[in-house]
Amino acid sequence: MEFAETGISLLVRGSGSRPSNDSTEPPISPDSSGFSRHPGAMGTVREFVEDDPSGRFADLLDTVEGVVPDGSDSDEKKSTRAENIYVTMDDKVGWVSRKRRDVMPDERSTSADRVIALEKALTGFADNHSETVVIPSVGLTFDSINEAYEFYNLYSWETGFGVRYAKSRSNVKGTKCMQEFVCCYSGKPKEANSKSSRCQCQAMIRLLRTDDEGWYINEFRSNHNHHMLNTCAEKLRFPSHRHIDKYTRELVSQLRQNNVNVSKVYSIIATFFGRVENVPFTKRCLRTLCGKLSREQADDDVRNTMAIFSEMKAQDGEFTYNVQVDDESRIRTHMWTNGRSKTQFHHFGDVVTFDTTYKTNLYDMPFGLFVGVNNHFQSVLYAGVLMRDETEDTFKWIFDEFMKMMGGKKPITILTDQARAMEKAIEDVYPNSTHRWCKWHVLKKAKENLGAHYTKKSDFRAEFHKLVHEMLTIDEFEDGWAALLDKYSLKNNPYLTQIYETRLKWAKPYFAGKFCARQTSTGRSETANHMLKQYVPPSCSMNLFVKQYNKLQFDREQEEGFQEKRTRLSRAVLKVNTALEVHASKIYTRKMFEILGEILYESGRYDVEEIIAKQKYIVTHQKAEHREKWFKCRFEVNVTDNLGYFSCICGLFEHMGMVCCHSLQVSVVRPVYDLDRMECVLS
């Protein structure tokens, strides 16, 4: 057995062990030729391995036999093979890796003849005379570890504690042969003075393998050294009882992607369980899951975003996107648009609102949105852009790229917030365009700065809105502003002084002759922000942001489709049944015709005085004496081309593209019967 011991020593050393300090054996080296000097050595080693009850050297023996056969190889070849064995083994740290042969599966196949443990517990409950349905016992068998865990977890729910996985053991073949489940109070706290609830509870079950690849309870301890919990709300605090199945998880993921808050998600899930009390997890657990889902969505965000853009490009050949990167190849600005938006901009892109106030995303990047208005007076989305900063260079790149994406067309009027960097960029990129501030951005801090004067029921608020939204001429606005400040003693108010000094950029009368498609008075920026907040959840990733933006755009297109159907198929309801109104019902969309109906109704409050026959008229409000003294009540309407073109001093037609009530009243007094002239009046 001398060589056998040497052979075993070789195997053990090769697997990472070290000889003892008092060993007199010389270390095995690559020059060792023990196998060539002892022809029967391998047989002796084989006999030793077969007698070894642990089986630790069985796989190593196969490796040795594969390299050093019992055949008649030359001593040189044997020496070389022994050297290879030595190097291969000695390079390993710990036990050398072995091929796992005949690994036993972690669960056994089900059988119709075998009754599972839970079924036994349910059917035997009536005979047990016990308060609990599920009771573990030594010798109880299971098909898998998961089945045993669920069984013990049901027992813990009935009893009033929680469970968790504990120690496990695997055999030499890598197959798990032992698993323990313990009470959640088992073990010692890491620190003596801590909030840990562990109190060295000894309750547990130990599972071992059966001969038919199943599991059975080898040991069961039922005694606890702590109080048991009784109510459902208390038990749900244990992690083992906060179970969220994959279908509920998918539902939560979809709801969160569509910006449904956690409380509403929990209420929706409760409807599936009948009552909130029946939900098998707490709201805190749901909140934790939502955070985990957000982190999963943020993984590999840029790659996922590019994949979405590639898919959109495949579905829409006109889809375009561009990325601006910095010196370190990181995304600085990301902009995209699609074919539908390009078509809409071609028809309705004379006026654009660009808004960058929305910043709710994972990277706190401002989101810029190019918004317009179509022939139904609906907001349309032209392009979206995510930007890292709001510098002048960034805005120059954005406006220049937007112009390229839209085929080189520049907007006639562009409305933005008060950012100075944006203003300078527009001057460089769109020098011939009219730049104005969106009224919503200017006035959104009125409540904060005016305090009690700006409450919902205050007279000041009503008069202030009338001054801001309804004044049509510069004289009206100037006189009305002075009268309002004097009436409420606000001449020294810093906020009102500031916005008055910048009135040329936002006040409606100073837009005379500038086409704005009614965007200054309807708050398109406010609408865009409101729409985004409905679709995009807080702190969302870039790829989710793009998905939700696409949903928003799809819904806007659906609304436009409804208005198109309404215009083509439904009939118009006439108010005065004049030839002009009948003709308008044929050429206007339904929304524009409804607006025209309101203007026709308003025109009935005015009287017309002809100054120059078929050329000049004065239109006066019938109740001028009851209106504010600064409110303009007399309007001059000039007619040219023999009743073919009407021009009013209010400038409404030039501002929003709709004929004003003063011109309409003139057309009623001086009826227009020629269709070509009607066309001129209406357009």
Side-chain angles (χ1 to χ4, degrees), residues 54 94-95 104-107 117-118 121 130-210 214-246 249 279-292 295:
S54 66
W95 290 95
M104 186 181 296
D106 286 339
E107 62 181 44
L118 182 59
S130 172
E131 296 181 356
T132 58
V133 178
V134 179
I135 303 176
S137 60
V138 175
L140 197 60
T141 60
F142 305 93
D143 290 336
S144 65
I145 293 180
N146 289 335
E147 180 187 347
Y149 174 82
E150 294 297 336
F151 186 88
Y152 192 48
N153 196 37
L154 285 174
Y155 166 74
S156 69
W157 172 266
E158 289 189 280
T159 309
F161 66 100
V163 300
R164 57 182 170 86
Y165 280 80
K167 294 187 296 183
S168 64
R169 185 181 300 123
S170 300
N171 58 22
V172 293
K173 295 183 179 181
T175 303
K176 184 178 289 187
C177 60
M178 189 274 289
Q179 177 67 60
E180 291 183 355
F181 301 127
V182 299
C183 174
C184 63
Y185 293 105
S186 174
K188 296 180 180 180
K190 295 181 179 180
E191 298 179 2
N193 185 20
S194 66
K195 297 180 180 179
S196 175
S197 59
R198 296 191 177 186
C199 58
Q200 298 181 346
C201 179
Q202 299 299 316
M204 54 85 73
I205 63 171
R206 179 181 291 116
L207 302 174
L208 297 180
R209 299 304 294 261
T210 62
W215 297 85
Y216 73 95
I217 298 179
N218 173 260
E219 183 179 356
F220 170 51
R221 301 176 188 171
S222 60
N223 294 327
H224 297 262
N225 61 354
H226 54 84
H227 294 288
M228 297 296 185
L229 304 183
N230 298 320
T231 66
C232 177
E234 293 174 336
K235 296 176 185 178
L236 285 176
R237 299 298 172 182
F238 292 118
S240 62
H241 300 319
R242 297 199 297 259
H243 179 63
I244 302 180
D245 59 83
K246 63 179 182 179
R249 181 189 178 96
V279 179
F281 50 87
T282 62
K283 189 179 292 186
R284 182 186 295 272
C285 181
L286 177 63
R287 190 175 291 109
T288 302
L289 173 63
C290 293
K292 183 178 180 181
R295 290 190 295 271

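Of all heavy-atom pairs between Gly160 and Phe238, the closest is O-CE1, 4.1 Å. Closest approach of Cys201 to His224, counting heavy atoms only: SG-ND1, 3.3 Å.
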Would you sort out whether Val163 and Val182 count as a side-chain contact (heavy atoms from CB on, under 4.5 Å), showing the intermediate values?
CA-CA 6 Å; Val163 300; Val182 299; over 6 Å; no

Evaluation steps, side-chain contact (heavy atoms from CB on, under 4.5 Å), between Ser197 and His226:
CA-CA 10 Å; Ser197 59; His226 54 84; over 6 Å; no

Could you list the donor-acceptor pairs under 3.5 angstrom formed by side chains in residues 136-143, with sequence neighbours left out?
from, atom 1, to, atom 2, distance (Å)
Asp143, OD1, Arg108, NE, 2.5
Asp143, OD1, Arg108, NH2, 3.3
Asp143, OD1, Arg114, NE, 3.2
Asp143, OD1, Arg114, NH2, 3.3

Side-chain donor-acceptor distances from residues 280-287 under 3.5 Å, at least two apart:
from, atom 1, to, atom 2, distance (Å)
Thr282, OG1, Cys285, N, 3.2

Contacts table for residues 151-158: side-chain donor-acceptor under 3.5 angstrom, sequence neighbours left out:
from, atom 1, to, atom 2, distance (Å)
Asn153, OD1, Ser156, OG, 3.3
Asn153, OD1, Ser240, OG, 3.0
Asn153, OD1, His241, ND1, 3.3
Asn153, ND2, Ser240, O, 2.9
Ser156, OG, Asn153, O, 2.6
Ser156, OG, Phe161, O, 3.4
Ser156, OG, His241, NE2, 3.4
Glu158, OE1, Val133, N, 3.2
Glu158, OE1, Val134, N, 2.8
Glu158, OE2, Val133, N, 2.8

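No side-chain donor-acceptor contact under 3.5 Å links Thr132 to the backbone of Ile135. Distance alone, capped at 3.5 Å, places no donor-acceptor pair between the Gln179 side chain and the Cys177 backbone. Remark: the backbone N or O of Ser186 is paired with a side-chain donor or acceptor of Arg164 at under 3.5 angstrom. Between the side chain of Arg209 and the backbone N or O of Gly214 there is at least one donor-acceptor pair closer than 3.5 Å.
Residues Lys167 and Met204 form no side-chain contact, since every pair of their non-hydrogen atoms from C-beta on lies 4.5 Å or further apart. A heavy-atom distance below 4.5 Å is found between the side chains of Arg221 and Glu219. Within the 4.5 Å cutoff, no side-chain heavy atoms of Glu150 are placed close to those of Leu118.
In this structure, NZ in Lys188 is found 12.5 Å from CZ in Arg198, a value given to the nearest 0.5 Å. Once rounded to the nearest 0.5 Å, the distance linking CZ of Arg249 with CG of Leu289 reads 5.5 Å. Atom SG of residue Cys183 and atom CE of residue Met228 lie 6.5 Å apart, to the nearest 0.5 angstrom. With rounding to the nearest 0.5 Å, the separation of CD1 in Ile217 from CZ in Arg206 is 12.0 Å. For the atom pair CG of Leu229 and OG1 of Thr159, the computed distance is 11.0 Å after rounding to the nearest 0.5 Å. Distance check: Leu207 CG to Asn218 CG gives 9.0 Å after rounding to the nearest 0.5 Å.
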